There are 2 protein chains.
Amino acid sequence: MTASRPPTTAEELRGAGLRVTAARVALLETVRAGDHLGVEAIASGVRDRVGHVSLQAVYEALHALTAAGLLRRIEPAGSPARFEGRVGDNHHHVICRSCGAVADVDCARGDAPCLTASDDHGFSIDEAEVIYWGVCPGCSTRRST
Amino acid sequence: MTASRPPTTAEELRGAGLRVTAARVALLETVRAGDHLGVEAIASGVRDRVGHVSLQAVYEALHALTAAGLLRRIEPAGSPARFEGRVGDNHHHVICRSCGAVADVDCARGDAPCLTASDDHGFSIDEAEVIYWGVCPGCSTRRST
DNA sequence: TCAAGAAAACGAATGGTTCTAATTTTGTGG
DNA sequence: CCACAAAATTAGAACCATTCGTTTTCTTGA
């Protein structure tokens, strides 16, 4: 009897070669429902769904899901890591210098590397990561008033 | 009598509104002579020039010189911070996924922000930071052999 | 030269992340 | 259905880069 609930998330995990645990399903759903969450926020979201989960387990699962390509890790300079569920579309990010808010920016090209370096110094480049730095609407109104 | 040696570095510091100390002069020269050095390497270079300097003093000076615009801080995801002396030309970086080597990539535009976001979400963007990820020549030959 | 204030030293702490080793759970083959 | 091996989870400690508070030293401008 395995037809009562839609096992989409679980199937994705299994399809990626990962074992299915309640914590991983909850984690994947939490990250997808959230908006560039940090580790602490993810842990809290996972606990809301499945009870107690250790922080280390969250780190481990984030590592595994990121390596499997189900999650993407972004790490703005000077901030702890954040995770997002949108993968595969090679999009970029705008980050607020004031509050650290992160928003997605679609990539015009879509495929990585979406930019070509003027001089690659012999490197074989596979990705161009773009971070736009600025001030978000909320912070700029707060500043000017 | 102040014409015996070229006081360029000291004048730059003073011009930026900073006090001139042996440690700061040595630090600025170390970073400029080096190639995207980390804090530990900078501290070691400063000590080679002026003797004992505490790590905290190095952090403090790096902070001050970065804020004054004499240095630029880059922080590749998953690595400690590195500093470079080339400022003002809004160039970008190629980073080796294997050994962490950093090389400069000139920006085609030169002025920041050199890219325009497809959708800025209302942010006022002042800089587009581009990091090209790949494998450096040394690491790719090492891998293939 | 002198006093004000900034910078450096010193010592310790903090936060995010990773490691180790032991235990539990999961998927699978008998 | 049961047992086994692989993988996941746990707890705890450790690690690293960075920061903080305080005292001492030094630069600077009057």
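Keep in mind that what you see is a predicted model, and the values were worked out from it rather than measured. Hydrogens, waters and symmetry mates play no part in the numbers below; they use all other heavy atoms, side chains included. Here is how names work: the chains are called A, B, and so on, in the same order as the sequence lines, proteins then strands, and each is numbered from 1.
- The side-chain heavy atoms of B/Tyr132 and A/Asp120, taken from C-beta on, include no pair separated by under 4.5 Å.
- Contact detail for A/Cys96 and A/Cys139: the closest heavy-atom pair is SG-SG, 3.7 Å.
- For the pair A/Val58 and B/Ser79, nearest-nucleotide mapping onto DNA chain D gives the more 5' position to A/Val58.
- Closest approach to the B/Val39 side chain among D/dA8, D/dT9, D/dT18 is made by D/dT18 (side chain taken as heavy atoms from C-beta onward).
- At distances below 3.5 Å, at least one donor-acceptor pair connects side-chain atoms of A/Arg47 with backbone N or O atoms of A/Val53.
- When the nucleotides C/dC10, C/dG16, D/dT9 are ranked by their closest atom to the side chain of A/Pro80, C/dG16 comes out on top.
- Distance B/Glu60 CD to D/dA17 C1': 17 Å, rounded to the nearest Å.
- Atoms CG (B/Leu62) and P (D/dA17) sit 14 Å apart, rounded to a whole Å.
- With rounding to whole Å, A/His63 atom NE2 is found 17 Å from C/dG16 atom P.
- In this entry the distance linking CG of A/Leu55 with C1' of C/dC19 reads 14 Å, nearest Å.
- Residues B/Glu129 and B/His93 have side chains that never bring a donor and an acceptor to within less than 3.5 angstrom of each other.
- Proximity of B/Tyr59 to the phosphate of D/dT18: a side-chain N or O atom is located under 4.0 Å from OP1 or OP2.
- Distance B/Leu13 CG to C/dA8 P: 10 Å, rounded to the nearest Å.
- Applying the side chain to side chain contact (heavy atoms under 4.5 Å, CB included) rule to B/Ser124 yields the partners A/Val135; only residues at least two apart in sequence or on another chain are considered.
- The nucleotide whose nearest atom lies closest to any side-chain atom of A/Ser54 is, among C/dT17, D/dA11, C/dA7, D/dA11.
- Listed pair B/His52 / D/dT25 fails the phosphate criterion, with no side-chain N or O lying under 4.0 Å from OP1 or OP2.
- Computed from coordinates, the B/Leu18 CG to C/dG5 C1' distance equals 14 Å when rounded to whole Å.
- Backbone-only contact: B/Arg73 has heavy atoms under 4.0 Å from sugar-phosphate atoms and none from a base.
- Contact record, A/Val46 with A/Ala23: CG1-O, 4.2 Å, taken as the closest heavy-atom pair.
- Checking the phosphate oxygens (OP1, OP2) of D/dT28, a side-chain nitrogen or oxygen of B/Arg14 falls inside 4.0 Å.
- Of all nucleotides listed (C/dT26, D/dT18, C/dA8), C/dT26 comes nearest to the side chain of A/Thr21.
- A/Gln56 comes within 4.0 angstrom of a base, heavy atoms only.
- Using a 3.5 Å distance cut-off with no hydrogens or angles, the side chains of A/Arg72 and A/Thr66 do not pair a donor with an acceptor.
- Taking the side chain of B/Arg19 as heavy atoms from C-beta on, and the options D/dT9, C/dA8, C/dA6, the nearest nucleotide is C/dA6.
- If you check the side chains of A/Asp104 and A/His36, you find a donor sitting under 3.5 Å from an acceptor.
- Atom CZ in B/Arg24 sits about 11 Å away from atom P in C/dA9, given to the nearest Å.
- Here A/Ala64 lies out of heavy-atom contact (under 4.0 Å) with every strand.
- Overall bending of the helix from C/dT1-D/dA30 to C/dG30-D/dC1, expressed as the angle between end axes built from five pairs apiece, is 30° (10° steps).
- Here D/dA17 presents its P atom at 14 Å from CD of A/Glu75, a figure rounded to the nearest Å.
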